[in-house]
Amino acid sequence: MTTAPADIPEARTGEEPGTPPLLAVTDLTMAFPGRRSATGRRGAPVKAVDGVSFTLRSGETLGLVGESGCGKSTTGRMLVRLLEPTSGSIRFEGQEIARLSPGAMRPHRRHLQMVFQDPHSSLNPRQTVARIISDPLLVQGWSAADARARAAELMELTGLIPEHINRYPHEFSGGQAQRIGIARSLATSPRLVVADEPVSALDVSVQAQIVNLMERLRDELGLSYVFIAHDLSVVKRVSDRVAVMYLGRIVEIGDKHALYDSPQHPYTRALLSAVPLPDPAAERRRERITLLGDPPSPASPPPGCSFHPRCAKAQEVCRTERPLLRIAVPGEAREVACHFPGD
Ligand code: SF4
């Protein structure tokens, strides 16, 4: 029987037992064409995302974390079909959408929306807020008057002043501009919002306000989020489960409490050891794990475990055999891709 993960209130999932996940992603891969050499020959395709699989329940937030270039944003863009996957499956509400044509995708598009990192550059500077928020509705065939009324409602819902509906993006602060981006994403009443680093371009004090807003909207509107970020403190706050990505693959995924309290993958342990602790004494006592070198290029990933050149625990098998995601702690719904998980 399918049950909601333990830390998500049943009221938030709104699910009957046995309900399939809202989103089921299997073996998702994105390979970009290789660069041309000086002789004109094209190199091997570069796998930005390499066999990513996870599920997301209605009302749930999955945090997607990892260093820059790990493939988390590319994954997010594939989920909303801004990028077409090279291979793999995306089942949304039970229906395969990974390879739908733009026309066949249209009825699903309203349920899958995205919030972008830099609010100002993601808003058309020549459009008023009314136009920016209304646009997805006009595409769906709404009348201009109804779309404008809905835009005003959404401004209020996201903490903006509806009387500012005829203003332009440059007349708003960064936090307000991100509220406009969120309002636009909600215009078509989506079920899933993919938020790609939605607060990383904002001041710290404003970040908290936007995170509060997103949490309130999730609870009030029954949204589900894939929340992409490199800030593990923010991800811990908003997520129910967390997936850690490294070089295009998920290396650890599970309930956030279990993952943050007892990370099993050496990469997760290193990332978490760099998160500042609120207690200064604990911060002084804590051992930091320094990662060796920079992440390898996805154009030439190391054989075996792609983390092995940076891993202090690496052994011979790590250099030759790719570890698959599997349950590392009996009884825990957490998977880890490591030959030697744990301490
Ligand atoms: Fe480190 Fe080996 Fe685990 Fe990879 S498989 S993370 S190299 S211990």
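When a ligand or atom number is given, it counts from 1 through the structure's own listing order.
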Under 3.5 Å, which donor-acceptor pairs link side chains of residues 141-148 to any protein atom two or more places apart or in another chain?
from	atom 1	to	atom 2	distance (Å)
Ser143	OG	Asp146	N	3.1
Ser143	OG	Asp146	OD2	3.4
Arg148	NH1	Asn166	OD1	3.3
Arg148	NH2	Asn166	OD1	3.2

**Asked** Between atom NE2 of His108 and atom CZ of Arg81, what is the distance when rounded to the nearest 0.5 Å?
**Response**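 Between atom NE2 of His108 and atom CZ of Arg81 there are 10.0 Å.
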**Pairwise distance CE(Met105) to CZ(Phe92) - rounded to 0.5 angstrom** =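 The distance works out to 8.0 Å.
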**Request:** Dump the intermediate steps for side-chain contact (heavy atoms from CB on, under 4.5 Å) on Val242 and Lys236, then the final yes or no.
**Result:** CA-CA 8 Å; Val242 173; Lys236 183 179 185 185; over 6 Å; no
**Message:** Restricting to salt bridge (Lys or Arg N to Asp or Glu O under 4.0 Å), what partner residues turn up for Arg191, sequence neighbours left out?
**Reply:**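 So Arg191 forms a salt bridge (Lys or Arg N to Asp or Glu O under 4.0 Å) with Glu93.
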**Request:** Work out how many protein N, O or S atoms lie closer to atom 3 (Fe) of ligand 1 than 2.8 Å.
**Result:**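 If we list every protein N, O or S atom nearer than 2.8 Å to atom 3 (Fe) of ligand 1, we get 1.
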**Request:** Using ring-ring contact (aromatic ring centres under 6.0 Å, His included) as the criterion, list what pairs up with Phe227, not counting sequence neighbours.
**Result:**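 Testing Phe227 for ring-ring contact (aromatic ring centres under 6.0 Å, His included), a comparison that skips the adjacent residues, returns none.
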